[in-house]
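These numbers were taken from a predicted model, which means no experiment stands behind them. Every chain is numbered from 1, with letters handed out A, B, ... down the list of sequences.
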Amino acid sequence: MGDWRRTHHCGELRPSHAGQKVFLAGWVDRRRDLGHLIFLDLRDHTGIVQVVLNPELSPSAHDKGEQVRSEYVVGVEGEVVVRAEQTVNPQIPTGQVEVQARQLLLLNDAKTPPFPLDDGARPSEESRLRYRYVDLRRARMQRNLRLRHQAALLVRRHMSEHGFIEIETPFLTRSTPEGARDYLVPSRLRPGHFYALPQSPQLFKQLLMIGGFDRYFQIVRCFRDEDLRADRQPEFTQIDVEMAFPQREELFEIIERLMQKLFALVDARMELPVPRLTYAEAMERYGSDKPHTGFGLEWARLTLPAAACQALKADPSAKALRVPAAEPLSRSQLDQLQDWAQASGAGWFSYIKNEPNGFRSPLTKPLGEAPVASLARAAGLQPGEILLLIGSKGETASSLKARQLDEASGALRLRLIERLRLAPRAPWNFVWVVDFPMFEYDEKENRFVAMHHPFTSPREEDLPKLESDPAAVKARAYDLVLNGQEIGGGSIRLHRRDIQARVFRVLGLSEEMARERFGFLMDALESGAPPHGGIALGWDRIVALMAGESNIREVIAFPKTASAVDLMCDAPATVDPEQLDELGIQIKQD
RNA sequence: GGGGACGUAGUUCAGCUGGUUAGAACGCAUGCCUGUCACGCAUGAGGCCGCGGGUUCGAGUCCCGUCGUCCCCGCCA
């Protein structure tokens, strides 16, 4: 580049720069060669500006311009001039000016790009990931990653203003039971021993509280070796937050204000406080612990008359959802909903239409008109609306059946929203889901497992039930949900060793196992542990939502495929036998 | 682990009920062109139809398997 120094970015030039001598550098977006006159669209991350290579002004620049191709890296020295009125390009922000080149510097050539770089192009995910360094030049990726940076700055400032300090925690740590599969790292100095990459800095942040750093946060990478989804990568980023002497409401307020500031970056207005919903309400009304609350469409509870229970061989407690009159459902759509409902675990499905000439329903035949009408009236069915009904089979109720019914109602509701292409009433629907159950019964393992994690505090009033009725114990745990996506979760932690030990016992963790795996935590809890609690926010998901992207790959510079492969550097890969030997590792052949 | 969609030129795609030499657009190359901006015009190059097997006189097309990408279920405290 010699002594050249960039004076401006491409996208910033305006008529006010007219007459200025500038030096620009960037990539050739397009070349238009009119013979004795060449136009280059020069691009950097700020935008595009037209460069004119006129042989009368600079024969050498024009000569070099003939060699230039797309994605060549060039420097341009020249003068900003206002374009003649009929040559203005209103489609680009710099369209009123252009740069008359005096010198053109060829800084590097480039192979023909593997796919078009304009925003309209839709290259396959595979080639985008294989040539990620090219893909990153596209305006979309530039926009998303710069937004992510601005958002991260804001997080650091906000948390710092509230007294939180950022502290780094180890990546080489130890495997913990429960939860996701760990990524393991073999130890060279202790052959046969392994570090685990953290699924989250959970224990470290608790130890920081015990260590007297009463407010901590970290923008931190976490690792989970589980199957991927549009919103899940094997390594992902959390905003990890923990505070000592916590009041849940105080934490909520800090996080809500953070969200408000973040979404203001994309011009979204957010009303505070964010509504709260208990887990029980969420499951009852939306059939989900991460409800998309922007559509209404809430389930209500109906009690079937005895005759109906008999006719349907059904449990008397049914769930009903009113589909608005504006959304007609065809017979085949209703049939499809029935298939979905039953596939999702509902024992039976039916519906009642409120038509001008009366209620119409498949239930009329077995039940008669009067019971159908009274069900419809009980649900408050309005003219033109359709009432969807689901319930469990069998006359005895059970918690398992109740749960299946809730899950079916949630799945059905989402299908309905998708199928009817319903638009949410508001663009951003935040909700806190609180009072999660402490434990879930794992049918496969035949034991209770922690729904959040084993370090969560049960509600004080539920402590007496801890051993006698674990399923009834509520945790001091909460999730933050946005538009049906879980974007954060946390809890008030256990800070007393005796209760932590009781929780481990309920989870089937013997005293010895607990001591072996969490001895350091148990000891720490006995060394003056303050009450503490916190939250972890799914940073990739939040940035993706802000950017209007439906896949977190779009806000990650170098993401992996759905099979956890990095197509660019071809990881994972085999290693030299010597490396394995040093680690004392032998690969099993089969 | 299971289900679904896709895989044809550098890219995005078309290719019917199995039947001549597999097409289009964009991109690329060469030439012409002094006001273009999705420049234009002319000419041209470019294909292991993902891979392997099978059916058939004949397979891009049908069948089986396999690999890859995406989405979903399970899984993800």
Side-chain angles (χ1 to χ4, degrees), chain A residues 29-42 48-57 62 66 69-71 81 83-92 94-95 98 100 111-131 134 176-182 199-200 202-203 222-234 236 340 343-345 407 411 414-415 418 436-440 442-444 448-456 475 477 479 486 489-491 503 507 509 536 538 550-551 553 560-565 567 570:
Chain A
D29 198 63
R30 261 204 178 81
R31 185 184 72 136
R32 288 178 294 280
D33 185 350
L34 275 63
H36 288 287
L37 193 62
I38 297 175
F39 297 98
L40 298 181
D41 284 344
L42 187 66
I48 282 175
V49 70
Q50 174 163 279
V51 174
V52 191
L53 305 176
N54 189 331
E56 286 164 17
L57 248 96
H62 183 268
E66 297 197 315
R69 296 291 180 270
S70 283
E71 298 309 309
V81 298
R83 298 197 200 182
E85 201 177 326
Q86 65 274 21
T87 63
V88 162
N89 181 358
Q91 288 168 357
I92 57 174
T94 60
E98 61 193 8
Q100 304 267 17
K111 285 198 278 196
T112 301
F115 46 79
L117 295 199
D118 51 289
D119 257 3
R122 291 272 169 270
S124 74
E125 202 65 26
E126 205 170 338
S127 37
R128 289 183 61 197
L129 293 180
R130 195 174 302 281
Y131 304 98
V134 176
T176 53
E178 312 268 322
R181 204 173 288 116
D182 287 314
Q199 297 176 25
S200 83
Q202 181 59 37
L203 292 177
C222 302
F223 307 86
R224 293 179 191 175
D225 187 5
E226 294 293 346
D227 287 351
L228 276 54
R229 286 285 191 285
D231 59 356
R232 276 164 29 191
Q233 283 273 311
F236 60 99
W340 286 335
S344 324
E407 280 170 7
L414 289 181
R415 288 285 201 171
E418 187 187 15
F436 277 78
M438 182 78 189
F439 305 104
E440 247 178 325
D442 187 319
E443 304 284 339
K444 264 177 282 175
F448 282 100
V449 295
M451 194 157 180
H452 186 57
H453 57 55
F455 319 109
T456 302
D479 277 358
E486 182 196 327
S491 63
V503 168
L507 295 172
L509 225 67
S550 52
N551 194 303
R553 283 193 302 268
K560 294 181 177 51
T561 69
S563 42
V565 167
L567 288 177
D570 196 22

Are the side chains of [Y] and [X] in contact, using a 4.5 Å heavy-atom criterion?
X: A:M438; Y: A:M451; result: no
X: A:S70; Y: A:D29; result: no
X: A:H62; Y: A:I38; result: yes
X: A:V503; Y: A:F455; result: no

Using Watson-Crick or G-U wobble geometry with both distances under 3.5 Å, which nucleotide pairs with [N]?
N: B:rG40; result: B:rC32
N: B:rG18; result: none
N: B:rA25; result: B:rU11
N: B:rC75; result: none
N: B:rG65; result: B:rC51
N: B:rC70; result: B:rG4

Considering only the [atom1] atoms, how many Å lie between [N] and [M], rounded to the nearest integer?
N: B:rG35; M: B:rA25; atom1: P; result: 27 Å
N: B:rU12; M: B:rC6; atom1: C1'; result: 14 Å
N: B:rU61; M: B:rC73; atom1: C1'; result: 32 Å
N: B:rC71; M: B:rC13; atom1: P; result: 16 Å
N: B:rC64; M: B:rU55; atom1: P; result: 15 Å
N: B:rA9; M: B:rG47; atom1: C1'; result: 5 Å
N: B:rU8; M: B:rA24; atom1: C1'; result: 13 Å
N: B:rG68; M: B:rG50; atom1: C1'; result: 8 Å

Indicate yes or no for a side-chain donor-acceptor contact from [X] to the backbone of [Y] under 3.5 Å, with no hydrogens or angles considered.
X: A:R31; Y: A:F39; answer: no
X: A:Q199; Y: A:A180; answer: yes
X: A:R181; Y: A:D225; answer: yes
X: A:Q233; Y: A:K560; answer: yes
X: A:R224; Y: A:F236; answer: no

(message) Considering every strand and a 4.0 Å limit on heavy-atom distances, what is the contact class for A:R553: base, sugar-phosphate, or nothing?
(response)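 A:R553: backbone/sugar contact only, no base atoms under 4.0 Å.
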(request) Check every strand shown and say whether A:Q202 touches a base, only sugar-phosphate, or nothing at a heavy-atom separation below 4.0 Å. (result)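 Since a base atom lies under 4.0 Å of A:Q202, the category is base.
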Would you tabulate the pairs of protein nitrogen or oxygen atoms and nucleotide nitrogen or oxygen atoms of nucleotides 2-10 of chain B closer than 3.5 angstrom?
residue : atom : partner : partner atom : Å
B:rG10  : O2'  : A:P114  : O            : 3.1

(message) Under 4.0 Å from OP1 or OP2 of B:rG27: is there any side-chain N or O of A:T112 that close?
(response)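 So the side-chain polar atoms of A:T112 never come under 4.0 Å of the phosphate oxygens OP1 or OP2 of B:rG27.
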(message) Looking at B:rG27, I'd like to know if its phosphate oxygens (OP1 or OP2) sit under 4.0 Å from a side-chain N or O belonging to A:S70.
(response)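 Indeed not, no polar side-chain atom of A:S70 lies that close.
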Tabulated below should be each protein N or O lying under 3.5 Å from an N or O of nucleotides 30-36 of chain B; please produce it.
residue : atom : partner : partner atom : Å
B:rU30  : OP2  : A:R69   : NH2          : 3.2
B:rC33  : N3   : A:D33   : O            : 3.1
B:rC33  : N3   : A:G35   : N            : 3.3
B:rC33  : N4   : A:D33   : O            : 3.2
B:rC33  : N4   : A:G35   : N            : 3.4
B:rU34  : OP2  : A:H36   : N            : 3.2
B:rU34  : O4   : A:E56   : OE2          : 2.4
B:rG35  : N1   : A:E98   : OE2          : 2.9
B:rG35  : N2   : A:E98   : OE1          : 2.5
B:rG35  : N2   : A:E98   : OE2          : 2.9
B:rU36  : O2   : A:R32   : NE           : 2.7
B:rU36  : O2   : A:R32   : NH2          : 3.4
B:rU36  : O2   : A:Q50   : OE1          : 3.2
B:rU36  : N3   : A:Q50   : OE1          : 2.8
B:rU36  : N3   : A:Q50   : NE2          : 2.9
B:rU36  : O4   : A:Q50   : NE2          : 2.6
B:rU36  : O4   : A:R83   : NH1          : 3.3

(message) If you apply the rule salt bridge (charged side-chain N to carboxylate O under 4.0 Å, His left out), what do you find for A:E125 with A:R553, and how did you get there?
(response) CA-CA 10 Å; A:E125 202 65 26; A:R553 283 193 302 268; 2.8 Å; yes
Just jot down the side-chain contact (heavy atoms from CB on, under 4.5 Å) partners of [X], sequence neighbours excluded, or say none.
X: A:R83; answer: A:Q50, A:T87, A:V88, A:N89, A:I92, A:E98
X: A:A477; answer: A:F436, A:H452, A:T456, A:A475, A:S491
X: A:V565; answer: A:T561, A:S563, A:L567, A:P572

Measure [atom1]/[X] against [atom2]/[N] and give the value in whole Å, please.
X: A:K560; N: B:rC70; atom1: NZ; atom2: P; value: 13 Å
X: A:Q91; N: B:rC39; atom1: CD; atom2: P; value: 11 Å
X: A:R122; N: B:rU11; atom1: CZ; atom2: C1'; value: 14 Å

With 3.5 Å as the limit, what N/O pairs link the protein to nucleotides 74-76 of chain B?
residue : atom : partner : partner atom : Å
B:rG74  : N7   : A:R229  : NH2          : 2.8
B:rG74  : O6   : A:R229  : NH1          : 3.0
B:rG74  : O6   : A:R229  : NH2          : 3.4
B:rG74  : N1   : A:D227  : OD2          : 2.6
B:rG74  : N2   : A:D227  : OD2          : 3.2
B:rC75  : O2'  : A:E226  : OE1          : 2.7
B:rC75  : O2   : A:R232  : NH2          : 3.1
B:rC75  : N3   : A:R232  : NH1          : 3.2
B:rC75  : N3   : A:R232  : NH2          : 2.8
B:rC75  : N4   : A:R229  : NH2          : 3.3
B:rC75  : N4   : A:R232  : NH1          : 3.2
B:rC76  : O2   : A:R232  : NE           : 3.3
B:rC76  : O2   : A:R232  : NH1          : 3.0
B:rC76  : N3   : A:R232  : NH1          : 3.1

(request) By nearest nucleotide on RNA chain B, pick out whichever of A:S124 and A:S563 is the more 5' one. (result)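 Nearest-nucleotide comparison on RNA chain B picks A:S124.
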